[in-house]
Amino acid sequence: PMSPAATPCQASPPAQRQRAARAARIRRQYRTATEVVRVGTLAFPPTRVADPDDVLQRSAPLAQAGQQESPAWQPYWALAWDSALALAARLAGADLAGRSILDLGCGLGLTGTVAAARGGQVTMVDAAAPALLFARLNSWRWRHRVRLRRLDWQRDRLAEGSFAMILGADILYDRQDWPSLEVFWRRHLRRDGQILLGEPGRRAAADFPAWLADRGWLIDRRVHPVRSLARPVFLYTATPGHEAAAPGDGSRETRSGRR
């Protein structure tokens, strides 16, 4: 049975029309597929890009011609990462009622949607504007608990301040991003909060636990098998081990809003 915190918004006729309009807007730009995802006792039908490789291939020449928005990894939002599914499974049994949660690099919004379904007050952010279209559509049943904002963690900060939990699915693949991520986490994580990350076992991320521990964080790594995946995903849980001021990084403050 669904807990009171997980109760979705009622599908009123105006809300149904708004959702249909959003879905139509996406279909005008992308060929999509929708299939039911089951995590724990929760089942919902997220919409995704039917052929992510096509999005990546179309973006490559635009980037080379200088027409693609930075950052260069932006098209990766179109992929449904295994790490997002593992994080969603991890959250599916949690009571997140009233907790402030940030889904960093939300992509299609799978992890943040499950967090909202479990009662969390979720802010989803991504540098890719198209990702937020899908994230809003996929979290529509729990839209009263979801905010979305376009954000680049290397430059931007959220005016809301700190969160009880920060989620990240497959955001550790580029070691050059780690310093910016660590600064961002220190700025936006509550003192008693935690970071929860999903990582599919890339060799490039193997040094991450030691790297983060050297900067004063307490970090735990566990293997999280997912029945529908061929290989397990590593889940990292990190908490601040001691106080450390985030260095000035020329960041800019942005305000989250409903979209």
Side-chain angles (χ1 to χ4, degrees), residues 48 52 55-56 59 69-91 101-115 120 122-132 134-135 138 148-158 163 165-189 193-213 215 217 219-222 224 226 229 231-240 246 249 251 254 256:
R48 59 177 176 81
V55 176
L56 298 177
S59 298
E69 294 182 67
S70 62
W73 39 259
Q74 191 176 35
Y76 295 155
W77 65 266
L79 298 169
W81 296 105
D82 290 349
S83 298
L85 185 59
L87 278 180
R90 168 67 172 77
L91 297 172
I101 299 172
L102 177 64
D103 186 2
L104 185 60
C106 67
L108 301 175
L110 177 61
T111 304
T113 294
V114 172
V122 180
T123 300
M124 298 188 194
V125 300
D126 203 289
L132 300 177
F134 282 83
N138 290 332
L148 294 102
R149 182 64 180 171
R150 191 177 183 186
L151 176 141
D152 178 354
W153 64 59
Q154 295 185 8
R155 299 181 298 167
D156 301 334
R157 299 294 178 261
L158 289 167
F163 296 82
M165 181 182 290
I166 299 179
L167 309 172
D170 214 334
I171 62 175
L172 303 177
Y173 53 84
D174 189 343
R175 189 187 182 103
Q176 293 182 354
D177 286 340
W178 296 357
S180 297
L181 282 169
E182 200 263 345
V183 169
F184 186 95
W185 292 334
R186 287 203 181 275
R187 185 71 59 86
H188 286 298
L189 185 68
Q194 66 176 194
I195 308 289
L196 185 60
L197 306 170
E199 212 292 313
R202 285 193 175 90
R203 184 174 300 177
D207 295 335
F208 176 76
W211 182 92
L212 195 63
R215 284 149 184 81
W217 292 77
I219 184 165
D220 175 70
R221 186 182 78 165
R222 300 190 181 187
H224 187 88
V226 179
L229 301 180
R231 62 179 183 177
V233 171
F234 291 110
L235 291 187
Y236 298 132
T237 303
T239 55
D249 58 352
S251 62
T254 63
S256 175

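Closest approach of Asp126 to Gly105, counting heavy atoms only: OD2-C, 3.3 Å. Between Ala135 and Leu148, the shortest heavy-atom distance links the atoms CB-CD2, 3.7 Å. Of all heavy-atom pairs spanning Asp156 and Arg150, the tightest one is OD2-O, 4.4 Å. The minimum heavy-atom distance linking Met124 with Gly109 is given by the pair CE-O, 3.8 Å. Closest approach of Leu132 and Cys106 over heavy atoms only: CD2-SG, 4.0 Å. When all heavy atoms are compared, the tightest approach of Gly120 to Ile101 is CA-CD1, 4.0 Å.
Taken from OG1 in Thr239 to CD1 in Ile195, the straight-line distance is 9.0 Å, to the nearest 0.5 Å. Note that the CD atom of Gln154 and the CD atom of Gln176 stand 9.0 Å from one another [nearest 0.5 Å]. Rounding to the nearest 0.5 angstrom, the gap separating the NE2 atom in His224 from the CZ atom in Arg90 is 8.0 Å.
At a threshold of 4.5 Å between non-hydrogen side-chain atoms, the residues Val183 and Arg157 count as touching. Contact annotation: the side chain of Ile166 never approaches that of Leu196 to less than 4.5 Å [non-hydrogen atoms, C-beta and beyond]. Looking at heavy atoms from C-beta onward, Leu104 lies in side-chain contact with Leu181 at the 4.5 angstrom threshold. For the pair Phe184 and Leu189, the minimum side-chain heavy-atom distance is 4.5 Å or more. Contact check for Leu158 versus Val125: side-chain heavy atoms found under the 4.5 Å cut-off. Trp178 places a side-chain heavy atom less than 4.5 Å from the side chain of Leu172. For the pair Trp185/Trp153, no side-chain contact is recorded, criterion being any heavy-atom separation below 4.5 Å from C-beta on. Residues Ile171 and Leu197 have side chains in contact (heavy-atom distance under 4.5 Å, counting atoms from C-beta outward).
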Is there a side-chain contact (heavy atoms from CB on, under 4.5 Å) between Gln194 and Phe163 once you walk through the steps? CA-CA 9 Å; Gln194 66 176 194; Phe163 296 82; over 6 Å; no

Stepwise side-chain contact (heavy atoms from CB on, under 4.5 Å) check, Leu167 with Met165: CA-CA 7 Å; Leu167 309 172; Met165 181 182 290; 3.5 Å; yes

For side-chain contact (heavy atoms from CB on, under 4.5 Å), just list the numbers for Glu199 and Tyr236, CA-CA rounded to whole Å, side-chain angles, deciding distance to a tenth of an Å, and then say yes or no. CA-CA 8 Å; Glu199 212 292 313; Tyr236 298 132; 3.8 Å; yes

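Annotation for Arg175: atom CZ counts as buried by contact number, over 12 foreign heavy atoms lying within 6.0 Å.
The side-chain contact (heavy atoms from CB on, under 4.5 Å) test applied to Ala84 returns Leu110, Thr111, Ala169, not counting sequence neighbours. The side-chain hydrogen bond (donor to acceptor under 3.5 Å, both in side chains) test applied to Arg48 returns Glu35, not counting sequence neighbours.
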List the atom pairs, with distances to 0.1 Å, where a side-chain N or O of residues 201-213 and a protein N or O form a donor-acceptor pair under 3.5 Å, not counting sequence neighbours.
from	atom 1	to	atom 2	distance (Å)
Arg202	NH1	Asp170	OD1	2.2
Arg202	NH1	Asp170	OD2	3.0

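None of Leu235, Val114, Val233, Asp103 except one satisfies the side-chain contact (heavy atoms from CB on, under 4.5 Å) rule with Leu87; the exception is Leu235.
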